[in-house]
Every structure is written in structure tokens, then in C-alpha cells.
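Note that the numbering runs from 1 along the sequence shown for the chain. Note that the structure is predicted; figures quoted are calculated from it, not measured.
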Amino acid sequence: MDKNDLMKGIGLWLVSLFMLSACNGKIKKETNQAVSDSTETRAVLGVNTLRLDSVKVTWIRDNAREKLMPLSLFAGVPDSLVDKLSLREGIPSSVSAFLVETGDARVLFDTGLGASDSRLTEGLKSLGLVPADIRYLYLTHFHGDHIGGMLKGDSVVFPNAEVYASRVEYEAWMKMPDERKAQVVKTMERYRERLHLFEFGDTLPGGVTAIDAVGHTPGHTVFLAGKLLIIADLMHGAALQTRYPEYCPSYDMDKEEAVKSRIRVLKYAEENGLTMAGMHLPAPGFLTME
């Protein structure tokens, strides 16, 4: 199968997934590899749990209102393609975090925006958890919609969490102008005693592997846990970018590298039969390439 056929197949599967989600808010995989155990109440909250062998992963939608990525974020997309994909109103998306439980490790990946109407804490509560229950916090990168939930005002939200971030990401942001890195500096300082910097390829607690996916940011990281791949901001508009990965949102800091990472990671997920969890995938938060 060549790359174009692969991307078209992914896109058709994703469209059907969106339609299924809109109908009943659940997914049942034919392979039964991933089975949703979401209740109706949690689905309304934007919380959806899958079990992938020994890994349990829960999508928690942070945004309170439905989210569409405007097409203006994606430069150069022709009108004919927009109409072909029925994306004239925007691209279905979300701002999300993921809770992974594997072995004796409970890991939260990113923390959402931390806005006044953010739903992360409410989503954790629906699982019987409070922020103090989070032992590990793994950061995919340092944009505000991923680290914003770490602080409330000047106070730490996750008092017991050991925080892990890419050394490449950390060092690159520390070199940026003060006005751009202010939130990052403040947040990392509050967690300084529990901040751990990893290298790409390192295995973190819980058997989670950190994988290079640079481009969106200098140290953008995806994480592998068993058959689960946390793809972070690999895609902001999956209905477009799964089929046409060459299109980048304005948020990608190095667009050439972002395209390379997107193609490489999508291929890796397909070849290894992985379920992807993306911080900007729409409900139900997961995507499998078949």
C-alpha cells in the first residue's frame, strides 16, 4: 500500500468513527482489543476509557464547549479539498489530557488549558480521583493548553506528582524571549523539586517510552505504553491531516520537521497496530489505523 492509499484509508475510517461517535458516544472495535467502559454520565463529561491489554487509558476532554479548528490555521488548503472533506465549518477537535494506568503507575499526560471552565478536575472526579492522586505527570510539550492546568493562580494543582519533560523542550524554551516563556518558567519553577528531564528513547516509570516527534515544538514528544501511543499535538485537525499530513497548523514551530514527524509516527502506528490518543482528536479521543 502506498502512502496516499494509506492516508485515504485512514481518513475514511476516521470519518466513519466521527459518525459513530455522534450517534452513540461509544466505540466497539471489531478485534475487541480496545473496549470502552464509559458510562453515559462520563461520556457527557467527555471521559472515555479503553483497555489495551495491561494498559488502561482514559481520555479526559478539557474544553467545556464543542471545538472546531478554523481552517484559517492551515495555510494553503485549497477550497476543492475543503469541500471534498466537508470541512467548510472547521475541523472537529478538542483540548484533552489522558490518564494511563499500567502496572502500579498512574500517569497523567498533560493538563489541558487550566481555564475557568476547564473540565480536567471534573473528569478526574468522575473516575474517583483528585489531583493529589496523580503520582506521575508526563508533558508532551510546553504550550499553554498542555501545561495550563498545572497551576491555579500561583498554587500547584498536582502536589504529589513527579513531573517528566523532554530536556530538549525545556532547554529550548529557556532560551526563548521572556514574554514567550513566562508561563513555562513560572510553572516549571513551582514544580522544580519534582521536575525530571528525559532524553528521547528513555523508558519512564510505568514502562512508558519517550519518542522524538519534534517539529510542533523543539522537544515535542510522543509516548508509547504497550499498544497505546500518546501522539500529543501530532495533529490538530485529524480529518485533514491523516489524509494530507503535509498541511500544518500555524502552531507548528518548525513545519518541515513537523511534517516529517507526522508521517513517521503515523506509519509507525500503522505498522505496529497501535491505538493513538491525541490531545486534539475529537470525541471519543482515540484513533486506530487499520
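- In terms of heavy-atom proximity, F158 sits nearest to G149 at CE1-O, 3.5 Å.
- Between the side chain of R262 and the main chain of V265, no donor-acceptor pair closer than 3.5 Å is present.
- Considering CG of L99 and CZ of F109, their distance stands at 9.0 Å, rounded to 0.5 Å.
- Considering every non-hydrogen atom in both A105 and G206, the closest pair reads CB-CA, 3.7 Å.
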Run the numbers on L81 and Y247 for side-chain contact (heavy atoms from CB on, under 4.5 Å), then give the verdict.
CA-CA 12 Å; L81 182 55; Y247 291 112; 3.7 Å; yes

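- Pairing each heavy atom of G237 with each of F74, the nearest pair is N-CZ, 3.8 Å.
- Side chains of D202 and T209 form no contact here, defined as non-hydrogen atoms less than 4.5 Å apart.
- Note that CE of M276 is 7.5 Å distant from OG1 of T288, once rounded to the nearest 0.5 Å.
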Going through the distances and angles, do L229 and I211 end up as a side-chain contact (heavy atoms from CB on, under 4.5 Å)? CA-CA 10 Å; L229 189 64; I211 298 175; 4.3 Å; yes

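- For the pair Y244/L85, a side-chain contact is recorded, criterion being any heavy-atom separation below 4.5 Å from C-beta on.
- Cluster annotation: W173 is connected to M188 through the hydrophobic network of ILVMFWY side chains, with a link wherever side-chain heavy atoms come within less than 4.5 Å.
- With rounding to the nearest 0.5 angstrom, the CD atom of Q183 is 8.0 Å from the CG atom of L151.
- By the neighbour-count criterion of 12 heavy atoms within 6.0 Å, atom CZ of R264 is densely surrounded, having more than that number from other residues, nucleotides or ligands.
- A side-chain contact (heavy atoms from CB on, under 4.5 Å) with M279 is found for exactly one of D62, I230, D145, namely I230.
- Note: H141 and H146 have tilted aromatic rings, judged against thresholds of 30 and 60 degrees for the angle between ring planes.
- L281 and M235 get closest at one heavy-atom pair: CD2-CE, 4.4 Å.
- Atom CE in M174 sits 9.5 Å away from atom CD in E169 (nearest 0.5 Å).
- Between E257 and K260 there is a salt bridge, since a side-chain N of the basic residue sits under 4.0 Å from a carboxylate O of the acidic one.
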Please determine whether side-chain contact (heavy atoms from CB on, under 4.5 Å) holds for the pair R190 and D154, giving the CA-CA distance in whole Å, both sets of side-chain angles, and the decisive distance to 0.1 Å. CA-CA 8 Å; R190 294 295 188 276; D154 291 331; 3.6 Å; yes

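- R167 places no side-chain N or O within 3.5 Å of a backbone atom of E199 that could act as its donor or acceptor partner.
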TODO: Begin with the C-alpha distance, continue with both residues' side-chain angles, and end with the deciding distance and a verdict on ring pair (Phe, Tyr, Trp, His ring centres under 6.0 Å) for F223 and F198.
DONE: CA-CA 12 Å; F223 296 91; F198 60 74; 5.8 Å; yes

Discussion item. V57 vs F286, test: side-chain contact (heavy atoms from CB on, under 4.5 Å). Steps then yes/no.
Written reply: CA-CA 10 Å; V57 53; F286 302 98; 3.8 Å; yes

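- Other residues, nucleotides and ligands contribute more than 12 heavy atoms inside 6.0 Å of the CG atom of D83.
- Side-chain contact between D110 and L139: present, with at least one pair of heavy atoms (C-beta onward) separated by less than 4.5 Å.
- Nearest heavy-atom pair, I231 versus H220, reported as atom, atom and distance to 0.1 Å: O-CE1, 4.0 Å.
- Salt bridge annotation for E101-R106: present, with a cationic side-chain nitrogen under 4.0 angstrom from a carboxylate oxygen.
- Between the N160 side chain and the A132 main chain, a donor and an acceptor come within less than 3.5 Å of each other.
- V95 and V222 are members of different hydrophobic clusters when ILVMFWY side chains are connected at heavy-atom separations under 4.5 Å.
- Side-chain atoms of D133 come within 3.5 Å of backbone N or O of V130 as a donor-acceptor pair.
- Atom CD of E171 sits in a crowded spot, with more than 12 heavy atoms from other residues, nucleotides or ligands closer than 6.0 Å.
- For the pair S126 (side chain) and G123 (backbone), a donor-acceptor distance under 3.5 Å is present.
- When hydrophobic clusters are built by joining Ile, Leu, Val, Met, Phe, Trp and Tyr residues whose side-chain heavy atoms come closer than 4.5 Å, directly or via intermediates, V214 is not grouped with Y138.
- Between T49 and K56 the shortest side-chain heavy-atom distance falls below 4.5 Å.
- At least one donor-acceptor pair closer than 3.5 Å links the side chain of S166 to the backbone N or O of V168.
- Distance check, rounded to the nearest 0.5 Å: CG of L228 to OG1 of T102 gives 9.5 Å.
- Residue E271 places its CD atom among more than 12 non-hydrogen atoms of other residues, nucleotides or ligands, all under 6.0 Å distant.
- Ion pair R65/D117 flagged as a salt bridge, since at least one NZ, NE, NH1 or NH2 atom sits closer than 4.0 Å to an Asp/Glu carboxylate oxygen.
- A 4.5 Å side-chain heavy-atom check between I91 and L71 finds at least one atom pair inside the cut-off.
- Using a 4.5 Å heavy-atom cutoff, the side chains of V184 and M176 are not in contact.
- Cluster annotation: L266 is not connected to F200 through the hydrophobic network of ILVMFWY side chains, with a link wherever side-chain heavy atoms come within less than 4.5 Å.
- Side chains of R119 and I60 form no contact here, defined as non-hydrogen atoms less than 4.5 Å apart.
- Closest heavy-atom contact between K152 and V157: N-CG2, 3.5 Å.
- Annotation: side chain of E189 is in contact with side chain of R192 (closest heavy-atom distance under 4.5 Å).
- With hydrogens and angles ignored, the 3.5 Å screen pairs no side-chain donor or acceptor of K255 with any backbone N or O of E246.
- In this structure, NZ in K67 is found 7.5 Å from NE2 in H280, a value given to the nearest 0.5 Å.
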Quick one, H143 with Y251, criterion ring pair (Phe, Tyr, Trp, His ring centres under 6.0 Å). Give me CA distance, side-chain angles, the key distance, then yes/no. CA-CA 9 Å; H143 279 160; Y251 304 128; 7.1 Å; no

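- Under the 4.5 Å side-chain heavy-atom criterion for Ile, Leu, Val, Met, Phe, Trp and Tyr, L113 and F142 are members of distinct hydrophobic clusters.
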